[in-house]
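Here the structure is laid out as structure tokens; the discussion comes afterwards.
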Amino acid sequence: MSNKQISELLKKVASAYAIKNEKKFFFQIIAYQKAADAIENSQSQIVNLYKKGQLESLPGVGPSIKAHLEELLKNGEVKHFNWVFEDIPDSVFQLLKIPGFGPKKAYKLTTCLHLKNAETAIDELEKAANSNKISQIEGFGEKSQQEILRAIEEFKKGNTKEKKMNLSIATEVSEKIISYLKESKDVLRVETLGSLRRSKETIKDIDIAVSTNNPKKVIKHFISYPYSEKTIEEGVISASIAAFGGKQIDLMTQSPDGFGSLMQHFTGSKNHNIKLREYALKKGLSLSEYGIKKNKKLIKFKTEENFYNALKMQWIPPEMREDGGEIELALKNKLPKLIELKDLKGDLHIHSNYSIEPSHDLGKDTMERILETAIKMKYEYIAFSEHNPSVSKHTNKSVYEILSRRSLKIEQLYSNIKSVRLIKLLEIDILANGELAIDNRSIDLLDGFIASIHSSFNASQEDMTKRILNALSHPKAKILGHPTGRIINQREGYKLNWDKIFDFCKKNNKALEINSWPSRLDINDKLIREAIQNKVKLVINSDSHAAWQMTMLKYGVANARRGWAKKENILNTLPYDKFIEWLKK
DNA sequence: GCCGTTTTCGGCCCGACTGTTTTCAGTCG
């Protein structure tokens with residue numbers, strides 16, 4: 001069972017408890033939700049923790065839930081859960097997938113409308129709404145009936161509670177909204193908050209905060225956004241709209257003297273805030289988006305720094321706010337100094353359009369154009385890393401000839417410019433049998449190479465791991481490119497034995513790539529943190545296929561920060577000489 | 001059901017918004 005499946009089961013238990021008797025099971029509900037959350041966000045496979053007997057290492061998993069999980073993984077089911085689910089029709093859990101549906105609403109509609117078949121429950125619900133049956137039910141009215149129809153429509157379009165957009169899309173949307181909001185003179189300051197500020201790899205809603213003395217006018221301006229498709233909520237201090245194909249944008253306002261508190265609250269994460277508020281409560285303080293209450297007296301904060309400092313802790317970078325131990329470190333004044341974009345001295349994974357007749361896609365821009373961009377970005381060095389020439393179309397001899405020409409071209413380019421050092425890399429396919437796509441004579445023309453998998457994704461964990469370690473054993477294989485191969489929202493990564501890979505990389509001086517391409521972000525934040533704990537070196541690359549894409553490196557840096565990476569963990573923060581020393585080692 | 005920088009027992013984050021209500025329940029973040 002995957003972490004996701006286990007987490008969903010625990011969420012179902014929490015929902016079922018809420019239906020059975022919310023008051024009686026109030027704290028069990030919270031406990032199950034907490035455990036589900038911890039499992040969903042765990043960097044280790046729960047199955048592995050179970051085998052190692054380490055289930056209790058998960059926050060929120062105590063003796064009782066631990067025993068249930070053991071039963072689940074041993075027998076495939078849990079007696080206690082079966083009891084909890086006893087009187088609750090499956091249709092309830094189907095309806096819970098619809099935005100705006102919680103346990104109570106789902107249960108009431110399931111029973112009142114006799115939705116017996118989970119598979120058809122949503123269709124039947126839609127029919128009932130269309131034939132005006134829902135507004136007749138006690139507690140529902142005409143408006144909620146319409147709202148249910150809208151929610152079902154959203155659901156059928158694929159906008160479920162899980163649906164999220166990539167970081168780059170969310171960034172673009174938020175930039176548009178922000179520049180629109182700034183047109184209002186009542187907007188004194190505007191910031192992107194929420195998961196976008198924390199640079200999560202995928203974003204559900206875009207959260208925007210505005211500092212203003214006139215929230216009414218700001219909200220009016222916001223809901224009048226020309227690209228708004230619908231006003232979802234319109235309150236006194238906050239509002240939500242849908243725009244750009246149903247993407248939800250939430251706005252919160254606050255006066256300037258309390259804006260720091262709002263930023264802190266609205267940046268989250270939820271778990272970070274809960275931990276922080278629980279901690280504060282023990283000190284007799286109550287935290288909210290308005291400030292800190294002490295003896296019923298509210299203290300406001302203009303800046304986030306002041307807010308955290310008032311709790312006697314360091315300001316915590318947003319990327320770290322996931323309740324992963326950051327609060328404890330901030331209290332001890334021991335937060336790591338995270339890597340920043342400006343620390344990077346070069347980009348090692350760039351595809352030019354040099355006619356290498358590659359196995360995969362060629363870049364769109366010339367080497368010259370890429371070099372110009374690198375100069376603008378003030379890089380000390382870059383590496384050209386096109387895909388290897390297609391093996392099916394070339395003999396070893398012609399591969400050698402192509403790469404010789406390319407080598408010469410790069411040398412000429414450098415002798416003409418001499419401002420940015422050029423490194424000759426290549427992205428070489430790891431074949432299904434673990435061998436490299438091109439032979440050693442051709443590889444000798446390179447300063448080193450990035451080894452990547454682009455085929456046969458479905459091999460077993462053991463075979464896949466062997467395949468990679470075999471390829472990395474080549475002395476010139478220095479970087480494992482997009483190590484898991486996942487494509488966000490499209491393809492799961494292949495299964496790997498990370499203990500073995502970390503161990504091999506550490507011993508043999510190989511680096512793992514943090515690929516900055518927004519739909520890859522590979523390896524992800526959790527693996528980055530684990531790699532660092534295992535003393536494995538990393539590189540942050542753009543994997544650009546056009547010059548403008550070289551700025552995508554910012555997403556890799558954000559991801560690295562989420563993995564608590566410091567400058568010294570990332571090899572392409574090294575100056576050229578030191579970097580080459582590593583490359584040739 | 002979990003958890004401990006006052007606690008192994010007695011707590012458990014805090015508030016906005018909507019719809020159906022006439023003081024609140026449900027959902028969300």
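Chain naming here is simple, since letters A, B, ... match the order of the sequence lines and numbering starts at 1 in each. Everything numeric in this text was worked out from a predicted model, so none of it was measured.
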Using the [atom1] atoms only, state how far [M] lies from [N], rounded to an integer number of Å.
| N | M | atom1 | value |
| --- | --- | --- | --- |
| B/dA25 | B/dT20 | C1' | 9 Å |
| B/dC9 | B/dC14 | C1' | 25 Å |
| B/dC13 | B/dT18 | P | 25 Å |

Could you tell me how far apart [X] ([atom1]) and [N] ([atom2]) are, to the nearest whole angstrom?
| X | N | atom1 | atom2 | value |
| --- | --- | --- | --- | --- |
| A/Arg150 | B/dG19 | CZ | C1' | 14 Å |
| A/Glu289 | B/dC17 | CD | C1' | 12 Å |
| A/Ile219 | B/dC17 | CD1 | C1' | 11 Å |
| A/Phe27 | B/dC12 | CZ | P | 7 Å |
| A/Ile274 | B/dC28 | CD1 | C1' | 12 Å |
| A/Phe26 | B/dC12 | CZ | P | 10 Å |

Report task. Tell me whether the guanidinium CZ or amine NZ of A/Lys97 lies under 6.0 angstrom from the six-membered ring centre of A/Phe155 and within 45° of its axis. Result -> no
Report summary line: Per the O4'-C1'-N9-C4 / O4'-C1'-N1-C2 angle with a 90° window around 0, B/dT7 comes out syn
Under 3.5 Å side-chain donor-acceptor pair for [X] and [Y]:
| X | Y | value |
| --- | --- | --- |
| A/Asn132 | A/Ser135 | yes |
| A/Ser255 | A/Asp257 | yes |
| A/Gln54 | A/Asn48 | no |

Requested in this report: Quick one: look up who B/dT8 pairs with, Watson-Crick or G-U, both distances under 3.5 Å, and put none if it's unpaired.
Outcome: none
